[in-house]
Amino acid sequence: MQPSNLGIGLVGTGYAAKLRAEALMTDSRAKLIAIAGGDIERTQIFSQTYRAIAYPSWQDLCDRPDVDLVIIATINQDHGKIAKAALQAGKHVVVEYPLALDPNEAQAAIALAKAQNKLLHVEHIELLGGVHQALKTSLPLVGNVFYARYATVKPEHPAPQRWSYHREQFGFPLVGALSRLHRLIDLFGKVTHVTCQAQFWPPTLPTPHSPLPTPYYTTCLCTAHLHFQAGLLAEVTYGKGAALWQSERKFAVHGDQGALIMDGDQGTLITAAGSQTIAVGGRRGLFTRDTAMVIDHLLTGSPLYITPEASLYTLRVADAVRQSAETGQAIAIETA
Ligand code: NAP
Ligand code: BLA
C-alpha cells in the first residue's frame with residue numbers, strides 16, 4: 001500500500017471522534033473521507049471542519065470502496081454491530097472500548113477479523129496514560145501485592161440525559177467503563193471470581209402508582225471485588241451522577257514491602273524508607289498516540305500495545321461483574 005492512501009471512515013462526532021479526526025488531519029499517510037454521527041445536522045457541521053463527507057448512516061460509510069479503515073467512536077450499544085458490518089465489508093476496524101457489550105458478540109468479531117485477514121484494534125488509551133505507566137514501573141518496589149483499590153467517582157449536577165446514563169446505550173457501568181477493570185487485569189493477570197453491588201437512582205422516585213419506566217438513571221454506583229489467581233483482592237468503585245458529592249480518582253496498591261498511591265495525577269510510593277513522590281505523565285494526547293500506532297501498524301507492521309483478545313478477557317470479567325450485581329452471587333471466571 002502506498003503511503004497517504006489509507007482512507008478512513010469515522011463513526012461518531014463526539015469527544016473521542018473529534019480527537020481522532022484531529023489526529024488524522026496531522027498524519028499525511030491517512031485521509032479522513034467519510035463521517036457518520038447520530039444527528040445528521042451535527043454530522044454535517046462536524047464533517048465540514050475536516051473536509052469529509054457526512055453520511056446519515058454508518059452502513060453507507062462501510063460501503064464506500066475508498067474507505068480502508070473504519071474508526072468506531074460512537075455509543076457503546078452500537079460498537080459490535082458496526083464492527084461486524086465493517087469487517088464483512090472488508091475494512092480494517094478500530095473501535096473505542098468496549099468492542100461490544102456482549103462478550104460472545106466481541107468474540108465473533110475477533111473471529112471475523114481473522115477470517116477476513118483485517119485489523120481489529122480495540123482502543124485502551126488508559127494503558128498509555130501516565131498513571132498506568134507509573135504504576136507498572138513502580139509495582140516491583142512494593143513486593144507482593146495483597147490488595148488494590150481503584151475508585152473513580154464523578155458527581156454531575158444535574159445528571160445529563162445522555163447516552164452515558166442510559167442502561168442500553170452505555171451498557172452495564174463496568175462494561176461501558178471497561179478501562180477500570182482492564183487497568184487491574186493488565187497489572188495483576190487472571191481473575192478467579194468476582195462479586196459486585198450496583199445501585200441506580202431513577203430521575204424521580206417512582207411510587208407504586210406512578211412508576212417511571214425510563215432507560216436513563218441519574219446516578220450509578222458500582223463496587224466490585226475481583227479475586228485474582230495471583231492471590232490479591234482488588235476493589236473497584238465506579239460512580240457518576242447527581243447523588244454523588246465528591247469527585248475521586250484514586251488507585252492504591254498495597255504490598256508487603258510498601259504501597260503505591262495514585263491520587264489524580266499525583267503519585268506516592270511509601271516504603272520502610274519513607275514516602276516519596278513519583279513522576280506521573282499526563283492524560284493528554286492519548287487518542288493521537290493510539291491513532292498513530294494504528295497507522296504505523298497498518299503501513300509498516302509495527303506492533304500495537306494491546307490485542308483484542310486481552311480486551312475480550314476483560315469484557316468477560318466485566319460481564320461476570322454484571323451477572324454478580326444482578327444475581328447477588330459470586331461469579332467464577334472460566335479459565336480459557
Ligand atoms: P460523546 O462525546 O458523547 O459522543 C457520542 C457520539 O455518539 C456522538 O457522535 C453522538 O452524536 C452519538 N450518539 C449519541 N447518542 C446516540 C444514539 N442514541 N444513537 C446514535 N448515535 C448517538 O462520547 P465519547 O466520549 O466521544 O465516547 C464515544 C466512544 O468512545 C464510547 O464508546 C466511549 O466509551 C469511548 N471512549 C471515550 C473516551 C473519552 O475520553 N471520551 C475514552 C475512551 C473511550 P449525536 O449527539 O449527534 O447523537
Ligand atoms: C474515558 N471519558 C471516558 C469515557 C467517556 C468519557 C464516555 C469512556 C467510558 C469510561 O471509561 O468512563 C467522557 N470524560 C468524558 C466526558 C468528560 C470527561 C464527557 O472527562 C467531561 C469533561 N476525557 C475528557 C478529558 C480528559 C479525558 C477532558 O473528556 C482528560 C484530558 C480523558 N477519558 C479520558 C481518559 C479515558 C476517558 C484518559 C480513558 C479511561 C481511563 O483513563 O481509564
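Order of listing sets the numbers, starting from 1, for every ligand and every atom in it. Throughout, residue positions are numbered sequentially from 1 according to the sequence presented.
Residue Arg180 has at least one N or O atom closer than 3.5 Å to an N or O atom of ligand 2. The shortest N/O to N/O separation between Arg183 and ligand 2 falls below 3.5 Å. Any N or O atom pair closer than 3.5 Å counts here, and Glu96 shares no such pair with ligand 1. Between Ser179 and ligand 2, an N or O atom pair is found at a separation short of 3.5 Å. Note: an N/O pair closer than 3.5 Å links Ala16 and ligand 1 by distance alone.
The number of heavy-atom neighbours closer than 6.0 Å to CZ of Arg249, taken from other residues, nucleotides and ligands shown, is above 12. Other residues, nucleotides and ligands place more than 12 heavy atoms under 6.0 Å from the CG atom of Asp256. Within a 6.0 Å sphere centred on CD of Gln266, heavy atoms belonging to other residues, nucleotides or ligands number 12 at most.
A 4.5 Å side-chain heavy-atom check between Gln246 and Val153 finds every atom pair outside the cut-off.
For atom 32 (C) of ligand 2, the nearest non-hydrogen atom from the set Arg283, Arg284, Glu126, Lys240 belongs to Arg283. By heavy-atom distance, the residue among Val11, Ile40, Ile75 lying nearest atom 22 (C) of ligand 1 is Ile75. Considering Tyr97, Trp58, Trp163 only, the shortest heavy-atom separation from atom 5 (C) of ligand 1 involves Trp163. Distances from atom 4 (O) of ligand 1 to the heavy atoms of Gly12, Gly14, Gly176, Pro160 put Gly14 nearest. Between the choices Leu178, Asn76, Leu99, the shortest heavy-atom distance to atom 31 (C) of ligand 1 belongs to Asn76.
Of all the heavy atoms of Tyr15, the ones lying under 4.0 Å from any atom of ligand 1 are found in both the backbone and the side chain. When non-hydrogen atoms are compared, ligand 1 lies under 4.0 Å from the side chain of Phe287 (C-beta onward) but not from its backbone.
Figure legend: Arg149 and Phe251 shown without cation-pi pairing, the cationic atom not lying both under 6.0 angstrom from the six-membered ring centre and within 45 degrees of its axis.
Residue His182 places every heavy atom at 4.0 Å or more from ligand 2. Residue contacts with ligand 1 leave out His166, since none of its heavy atoms falls under 4.0 Å from the ligand.
Note on Lys31 versus Asp66: no salt bridge recorded, every NZ/NE/NH1/NH2 to OD/OE distance being 4.0 Å or above.
Residue-ligand proximity, Arg42 to ligand 1, at heavy-atom distances under 4.0 Å covers atoms 45 (P), 46 (O), 47 (O). Listed by number with element, the atoms of ligand 2 under 4.0 angstrom from any heavy atom of Lys154 are 16 (C), 17 (C), 18 (C), 21 (C). For ligand 2, the atoms lying closer than 4.0 Å to a non-hydrogen atom of Ala177 are 10 (C), 11 (O), 12 (O). Every atom of ligand 2 is numbered from 1 in the order shown, and the set under 4.0 Å from a heavy atom of Tyr97 is 1 (C), 8 (C), 9 (C), 10 (C), 11 (O), 39 (C), 40 (C).
Taking the ring centroids of Tyr305 and His297, they lie at or beyond the 6.0 Å cut-off.
Screening Gln323, Gln329, Arg322 against Glu326 for a side-chain hydrogen bond (donor to acceptor under 3.5 Å, both in side chains) leaves a single residue, Arg322.
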Could you walk me through whether Lys81 and Asp78 pass the salt bridge (Lys or Arg N to Asp or Glu O under 4.0 Å) test, one step at a time?
CA-CA 6 Å; Lys81 62 183 170 222; Asp78 293 349; 3.2 Å; yes
